Amino acid sequence: MRRFGPLAVALASFALIAALGGTAPNWVVFLTTMAFAKGIVALGLVLLMRGGLVSFGQGLFYCAGAYAAGLAMRWADASDALLLVALGGAVALLLGLAIAPLLAGYRSIFFATLTLALSMIAYGILNKTYSLGGSDGINLRAPSFLFYRAATPDAFGYALFVFTGLVTVAAAVLCRLHFDSMRGLLSLAARDNEIRVEYLGASVRRVSLGNFVAAAGLGGMGGALAALALGHIDPDFAFWTSSGEFVFLAILAGHQSVVAVFLASILLELVRSFSSQYFPNSWQMALGIFLLLVILFLPEGLGSLLRRRNPPPEAASLPVESLK
Amino acid sequence: MTALIEARGLHKSFGAVVAARDVSVMARRGERVGLIGNNGAGKTTFVNMVTGYVKPDRGSILLDGIDITGLPPRVVSRHGVSRSFQMPQLFQSMTPEENMLMALGIARSERLSSWRDARTPDLMAELHDLLARFRLGEYRDRSIAALPGGVRKLVDIAMAVTRRPKLLLLDEPTSGVAAEEKFPLMDVIMSALAGGEVAVLFVEHDMEIVARYAERVLAFYDGRVIADDIPTTVLGNEEVQRYVTGIVQ
């Protein structure tokens, strides 16, 4: 029964998402689609953070996935959403594989700064590469979904929402399974104590590289989905503010819960949406206050609310009797 | 009986400080060897060289006839050498049970699964056995930060034995533990290790512990081994009394 648990949860979650999307207004459908797409990118960042690394350059993979989907549509006339998202993930994953050896020896702020530098290099190159649209970027047409092509914008919005929900649920379930696996736990161990991990016979380097590449793949898929939802891509996908948003999301979610990542993403989209509507000239300040409150009152993120609590400490010294 | 571990002519210096001078040590299967010496005498440097944390400048280390000199800790561990630490090296965000599960999982898998639940029935059965052997059952779900020092030592050592090592190095297993807890702690450790063929080398400053639990004692002074014999002989050695124990007859 236990082995069917994740599948049952996945199917139920997907059914719920599809049903809610069918009754929600268009703006909610679009906002949630974007939240899911960005949540997938942030999920990759959470995967990386569980191993003790924070990337300030996740926008690079977000951008790579988006451009891979956009260019495949433009140059190869590819129009199927599944193919485009898979391609976005694959291109970002390969890019991650190529970069990973360069980053393998770095930790903490050095790792974060290097990833940021790489994403800003990509931003600069895309800005000046006119065959890729330069700073204006490129527009994308509406994709099809296997054999289904939406006839109206509303139908397309809902179809993309359902498709994004499907990818989100699949990514969430796979990540949950991974987090509970021995390799997933090893990430937490490496974050806590790299020396001990090595003395136990495991490779911290291999764990870090694996997480980095997987996070890159998720980043690419999220980027491709966001590009399809927006119908437009530009170099800002790789700009540091995009990467900063994913870091914010990961902090807001914490590393304990997969569901919390997507809740955090929806919450952030809502805060941004409403604050830009009601405080059009100072919505960034509203966002900053929100972040401040999260750090003060939920330092381990939304996921910490769902965490299993340890029993309170009782023994103050080694009870000699219990050892005799 | 043939040697399990044979270190020959190990030399290590850190700049102008010579931490090991021509150190040669041998231990047999199942042997309990105490390593004594003042701070800076070279005991921990020796342990670090054997476990791969420090690469010797000269000399060789053979384990069961295989040269493990200069190999990284990860590889040395896979050859059958495990260690515990003076300051227990635990995974702070995990419970003792999770710490030990992690160690068992790494020890039992050539390739760690990315998808299968870490808590497999086989691993959990082995974990329960390990918790019982080290009398850690009641602490299994506690936070590491809330554990008494002696329990942390036990978790540290229990993690080290998960790989069923041929050689186990314990770095000051009773340091930081209250005086009345030292013997019970060592009793638990030794009974947990009993029955196997693991050779145990333990660094210790408490001579009562050494006299009771070691079959042989190596005394270190100024990077050299100045005595190597049964405890009564080494502890009665004039040079050892002068430079190590400080008890001059």
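Order of the sequence lines fixes the chain letters, A, B, ..., with proteins taken first and strands second; residue numbering starts at 1 for each chain. Keep in mind it's a predicted model, so treat the numbers as computed, not measured. All values below were derived from every heavy atom in this structure, side-chain atoms included, with hydrogens, water molecules and symmetry-related copies excluded.
Side-chain atoms of B:R74 do not come within 3.5 Å of backbone N or O of A:E198 as any donor-acceptor pair.
Both the backbone and the side chain of B:L101 come within contact range of chain A, each with at least one heavy atom under 4.5 Å from a heavy atom of that chain. For B:S82, no part lies near chain A; criterion is any non-hydrogen pair under 4.5 Å. For chain A, the nearby parts of B:D156 are the backbone and the side chain; heavy atoms of each come within less than 4.5 Å. The parts of B:Y53 that come within reach of chain A are both its backbone and its side chain, each placing non-hydrogen atoms under 4.5 angstrom from that chain. With a 4.5 Å cut-off on non-hydrogen atoms, A:V204 does not touch chain B at all. For A:R191, the part sitting under 4.5 Å from any heavy atom of chain B is the side chain, from C-beta outward, and nothing else. For A:I195, the part sitting under 4.5 Å from any heavy atom of chain B is the side chain, from C-beta outward, and nothing else. Contacts of B:A178 with chain A are absent, with no heavy-atom separation under 4.5 Å from either backbone or side chain.
Atom CZ of A:F248 has more than 12 heavy atoms from other residues, nucleotides or ligands within 6.0 Å. Around the CZ atom of A:F297, the shell of radius 6.0 Å holds no more than 12 heavy atoms that belong to other residues, nucleotides or ligands. Other residues, nucleotides and ligands contribute only 12 or fewer heavy atoms inside 6.0 Å of the CZ atom of A:R206. For CE of B:M124, the number of neighbouring non-hydrogen atoms (other residues, nucleotides, ligands) closer than 6.0 Å is greater than 12. The environment of CD in B:E215 is crowded: more than 12 heavy-atom neighbours from other residues, nucleotides or ligands sit within 6.0 Å.
One finds the NE2 atom of A:H255 at 6.0 Å from the OG atom of B:S93 (value rounded to the nearest 0.5 Å). Atom CG of A:L188 sits about 8.5 Å away from atom CD of B:E98, to the nearest 0.5 Å. Taking CG from B:L90 and CG from A:N193, the interatomic distance works out to 8.0 Å, rounded to the nearest 0.5 Å.
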>> Quick one, B:L123 with A:M182, criterion side-chain contact (heavy atoms from CB on, under 4.5 Å). Give me CA distance, side-chain angles, the key distance, then yes/no.
In response: CA-CA 11 Å; B:L123 225 48; A:M182 196 50 78; 3.5 Å; yes
> Are B:Q92 and A:D192 close enough, and set up right, to give a side-chain hydrogen bond (donor to acceptor under 3.5 Å, both in side chains), and what steps lead you there?
Replying inline: CA-CA 6 Å; B:Q92 295 291 328; A:D192 274 3; over 6 Å; no
>> Show, in sequence, the C-alpha distance, side-chain angles and deciding distance for A:L200 and B:R163, and conclude whether the side-chain contact (heavy atoms from CB on, under 4.5 Å) test is met.
In response: CA-CA 8 Å; A:L200 289 174; B:R163 201 172 264 280; 5.9 Å; no
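Looking at heavy atoms from C-beta onward, B:F91 lies out of side-chain contact with A:L185 at the 4.5 angstrom threshold.
Relative to the six-membered ring of A:Y199, B:R83 meets both conditions, a distance below 6.0 Å and an angle of at most 45° to the axis.
Contacts with chain B were tallied for A:G184, A:G210, A:S203; A:S203 has the most, counting heavy-atom pairs under 4.5 Å. The greatest number of non-hydrogen atom pairs below 4.5 Å with chain B, out of A:G201, A:A190, A:A189, is found for A:G201. For the set B:R78, B:R152, B:M102, the entry with the most heavy-atom pairs within less than 4.5 Å of chain A is B:M102.
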